[in-house]
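What follows is one structure encoded as structure tokens, with my remarks underneath.
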Amino acid sequence: MDFRSLRFKLTLWYVLILGILLISFSSFLYLTLSRSLYRDVDHKLRSLAELIASESTSPSSKFGFGNIDQALEASMNLKPIGKFIQVLDESGRIGRTSENLKSVQLPISLNALRNGSKGLITYETNHSLRNTPLRIITYPVKEQNQVTKMIQVASSLEDVEDALNTLLIILIVTVPSILMIASLGGQFLANKALKPVDRITQTARMITSQNLNQRIQTLKVKDEISRLIDTFNEMISRLDQSFRQIKQFTTDASHELKTPLTILKGEVEVALRKKRPLHEYEQILESNLEEIDRMSKIVEDLLLLSKADIGEIRLNREDIHLTRFIRGLTEQMKILAQPKNIRIEISNHQDEIHVFGDTLRMRELFINLIENGIKYTEAGGSILITLTKETDPPPEALRRAGGSLNPLTPKERKAATFAKIIVEDTGIGIAKEDQEKIFNRFFRVDKARSREQGGSGLGLSICKWIVEAHQGEITVQSEPGKGSSFIVKLPLYSQQGESLDNY
Amino acid sequence: MRILVIEDEIKVANFIKKGLEEEHYAVDTALDGESGLYMSEVNDYDLIVLDLMIPKIPGLDVLRRIRSNKNKVPILVVTAKHSAEDIVKGLDSGCDDYLTKPFEFKVFLARVRALLRRERVDAEPILKLADLILSPVTHRVTRGGKEIELTSKEYGLLEYFMRNPNKVLTRTMISEHVWDYHFDSMTNVVDVYVNYLRKKIDKGFEPKLIHTIRGVGYILSPDRP
């Protein structure tokens, strides 16, 4: 048995606690019994001594005749068995004794004599007289407030000691046996309880990144172990999912990078197969440059996203006057929209919309969204940007609040007003089944078109990250053939220098 | 030899087409699975180069559907998918060879030649008829040890003749295997090129190899029909 195992520890604790309980119980039993037995002996000695004393002082008593046995029998018809009786005068000289003492005298200690002369009762245990100890009471008899004699009554403690010894033997034999049996039982119970844990261990040991589809067999009974198994299985599912995502992402990323590489390699190799006129080389170099730019964009975006994933990007947040900010951006974007004759318009109902954001990232977010709009809108179309304030609570605050049980904190209620920015185009739209995938990395509705436009396939993933890093939310609504709306919600920044921290 | 390239990446399709054409092959390109499958059904190709990740109809489905049409054309899959499972899946779906991107163009050409060779019984890397020898690797053509200079089209025409010796080849067959789909079948371009070729390989040599079959087409054979 492994002494570090939980099984051993459980059994050990079980036996230890049981042992402590049994030993305390046995000690208690033994001590109580022994006290009660000794008290009983004393009690009997005292009542007999009192009886003899009252008889010996009674004027009508027949106590004065013969030895003590005879006197007791004559006066009270009493035959005390196993009791030794001895009468002393006030100075300790021995007078009458009971017959069973024969020539022996009950020992009398100085202490008892001293107590006796003061009229006090003394109990003593004497080991000197016989093999078995004797319990002796020295009882002074007073007449007119004068100690006239002392009566000693003694009894052997043999019976008491025998009884106590028997009990002790029983306890010494039974307690260890019970503990032994209990340890076996404890081991059995621990084994039974821990068996599923072994199964969990085995399965968990077998699981690698290659076979994350394995699950631990669940139990019928819903106990702590079954909860543990469920928790384990859920964890494996989550691992499985994230491994899958990583794998998909790696495959996608390598494919995205391989395409420009294939073009670069292929074009150069074909070009080098023979001498060509200068303009052909120029064409090839231009095409190569395009592919190199594309690769740099992909690599840059990938780097940004992987940094974002591990939380390495810090936002430099400041008060942004969103209305002004987006107006400025739109003016710049109009240059891009001009060749396709696409109009960009802003409609906003409130002028004072402030958000607390990183200017650089906000620029990236809205440039991406507007650029997307331009890319996927036919010539002559339009892009409409709408700015409003909304009173929806932030999603994560609502999740945390979990209904009405935990009402929003004042701070959250304050933050529960959102800036809502809609970038709406009149472009080709996105099919329903693609709408939820559109924020996935490298997902493209139309691969060829996206590459023609020089996209990395990561733009919307980056948008999503930026919005979420600002505690916001981004969604899409679209109807194929009519256009798409990207809806960004960002928490409002409280205005007029009114700080959130006042709440 | 006429080759169809089904590849959605325009630049990849273009350099493959350019490189193959410079090797005297006639090349058509299709940018998605649907048009690729259609072209494979209406034209008689000697080889198809297929990318697996293509829009409209995925590459593996194109592969299966070409095979279910009882079309035995050699198919070379060129794709970025490089895992063992992908390769097995591709070969099991009916492709003849598998090349992962990015690839060496030299290797690509060698595989194309190997697949074209597979159709012939002897499968020798050098094509030979009487004392006429054509090497698809070096593009050298000799007759009786004498080097013959051919233009690209003449070379393509001769390669097709030599891959199908002693067989009557109609004008349609010739135009389909030597020219791409920009060929205008209403002209007598085939006859013009056959005459050019005849002048270069038969003039001053015996026996004559190219013979006209009146009303049908031509045959390349050392024996008079």
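Below, each value reflects all heavy atoms present in this structure, side chains not excepted, and no hydrogens, waters or symmetry copies. Treat the numbers as computed from the prediction; the structure is a model and nothing was measured. Per chain, numbering begins at 1; letters A, B, ... match sequence-line order.
Heavy atoms closer than 4.5 Å to chain A are found nowhere in B:Lys81, neither backbone nor side chain. At a 4.5 Å heavy-atom cutoff, the contact between B:Glu22 and chain A is made by side-chain atoms alone. If you measure heavy-atom distances from B:Glu21 to chain A, you find no contacts under 4.5 Å at all. Interface residue B:Leu109: only side-chain heavy atoms are found under 4.5 Å from chain A.
Side-chain contact between B:Leu127 and B:Arg163: present, with at least one pair of heavy atoms (C-beta onward) separated by less than 4.5 Å. Side-chain atoms of A:Phe232 and A:Ile207, non-hydrogen and from C-beta on, never get closer than 4.5 Å to each other.
Partner of B:Leu209 under the side chain to side chain contact (heavy atoms under 4.5 Å, CB included) criterion, out of B:Met162, B:Arg143, B:Arg198: B:Arg143 alone.
The ring of A:Trp465 has its center no closer than 6.0 angstrom to the ring center of A:Phe439.
Taking the six-membered ring for Trp and thresholds of 30 and 60 degrees, B:Tyr218 and B:Phe161 have ring planes more than 60 degrees apart, a perpendicular arrangement. B:Phe103 and B:Phe15 have tilted rings, their planes meeting at an angle from 30° to 60° on a 0 to 90° scale.
Using a cut-off of 4.0 Å between Lys/Arg side-chain N and Asp/Glu carboxylate O, A:Asp293 and A:Lys297 are scored as not salt-bridged.
The main-chain N or O of B:Ile75 is found under 3.5 Å from a side-chain atom of B:Asp96 such that the two form a donor-acceptor pair.
Within residues 274-290 of chain A, the residues having any heavy atom under 4.5 Å from a heavy atom of chain B are, by residue number, A:Lys274, A:Arg276, A:Glu280, A:Ile284, A:Ser287, A:Glu290.
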